[in-house]
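Keep in mind that the numbers below use all heavy atoms, side chains included, and drop hydrogens, waters and symmetry copies. If you read the sequence from its start, that first residue is 1, and numbering goes on from there. Every value quoted in this text rests on a predicted model; they were computed, and no experiment measured them. We count ligands from 1, going down the list as the structure has it; atoms in each ligand are counted the same way.
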Amino acid sequence: MKDESPSSETITFLGTGGARFMVISQFLASGGLWLNLNGTEILVDPGPGCIVQATKRKLKAEKLSAIILSHRHLDHSADTNIMVEAMTQGGFRQRGRLFAPADCLESEPVIFSYLRDRLEGIEVLEEGKSYSIDNISFTTPLKHIHPVETYGLVFRTANHTFSYIADTRYFDDLCQHYASQLLIMNVVFLEPRSPADHPGMPVDHLSVPDVRHLITELKPRAAILTHFGMSVWRANPGLVAEKLSQQTGIRVIAARDGMTFDLSQLDEG
Ligand SMILES: [Zn+2]
């Protein structure tokens with residue numbers, strides 16, 4: 001493994017699959033995002049297989065400062081307990097914090113009670129709040145439209161800003177809150193789906209046209225697509241991203257399982 005200099009800022013995609021059919025098939029992995037921001041390591045949305053994907057890549061959970069859950073759906077939270085256990089060195093060391101919306105912690109909590117005590121703290125995510133982890137800050141600007149309480153994240157490091165638009169139905173307010181140098185978006189659908197056409201089905205997700213609109217409005221230096229559902233996967237995420245780059249004039253990348261993006265790429269050109 002290459003040594004990372006302490007000043008490097010990277011995002012590793014432990015999985016790029018999203019929504020239930022992709023996740024139960026594991027055609028694409030579903031481990032979430034591992035951030036290493038100048039040596040502060042943060043795990044976002046530890047979905048099923050996170051522990052497998054992280055250990056396979058020699059990422060060390062005992063170095064994590066925090067785990068953040070955008071929401072409680074299984075594809076974002078299934079490995080929370082094992083990752084907390086790993087972050088606390090098998091529960092032997094009290095360390096690390098968990099950030100999650102309130103409904104992750106109330107009835108049917110995503111974390112076992114014996115592990116709560118092993119954390120240094122649990123912080124409840126709320127709309128419009130700011131949080132800090134070492135010298136990194138992040139905000140949860142607005143509540144998403146999704147069946148459970150869900151927030152996206154806007155991170156500020158010493159050198160960069162990046163946004164993670166977690167699961168949501170498209171709504172115009174998204175264009176007001178996620179401006180940053182890098183936009184990471186969960187793109188489940190190739191085409192928008194209306195609840196009327198899919199009664200009882202989970203349709204509150206971004207589609208490729210939604211993402212094109214967000215890129216055009218928010219004008220990041222680069223955008224990364226991830227959390228693909230079956231329809232995007234079948235269409236080939238790499239081709240989808242290439243077409244979006246051509247249409248928007250902004251560099252759009254389709255994340256791949258295990259891909260590490262170095263934020264210094266945002267400084268080029
Ligand atoms: Zn979800």
| Worked verdict on E149 versus Y151 for side chain to side chain donor-acceptor pair (under 3.5 Å) | CA-CA 7 Å; E149 191 177 354; Y151 300 101; 2.5 Å; yes

| message | As a quick check of understanding, evaluate ring pair (Phe, Tyr, Trp, His ring centres under 6.0 Å) for H146 and H205, giving each step before the final call. | response | CA-CA 8 Å; H146 203 55; H205 287 289; 5.0 Å; yes

| field | Metal proximity, H73 vs the Zn ion (ligand 1), N/O/S cut-off 2.8 Å | value | yes

| message | For F162, give me all partners under ring pair (Phe, Tyr, Trp, His ring centres under 6.0 Å), at least two apart in sequence or on another chain. | response | F155

| said: Tell me if the centroids of the rings in F138 and F99 come within less than 6.0 Å of each other. | reply: yes

| request: Please calculate the NE2(H71)-the Zn ion (ligand 1)-NE2(H146) angle and round it to 10 degrees. | output: 100°

| said: Using 2.8 Å as the threshold, say whether any N, O or S atom from D167 sits that close to the Zn ion (ligand 1). | reply: yes

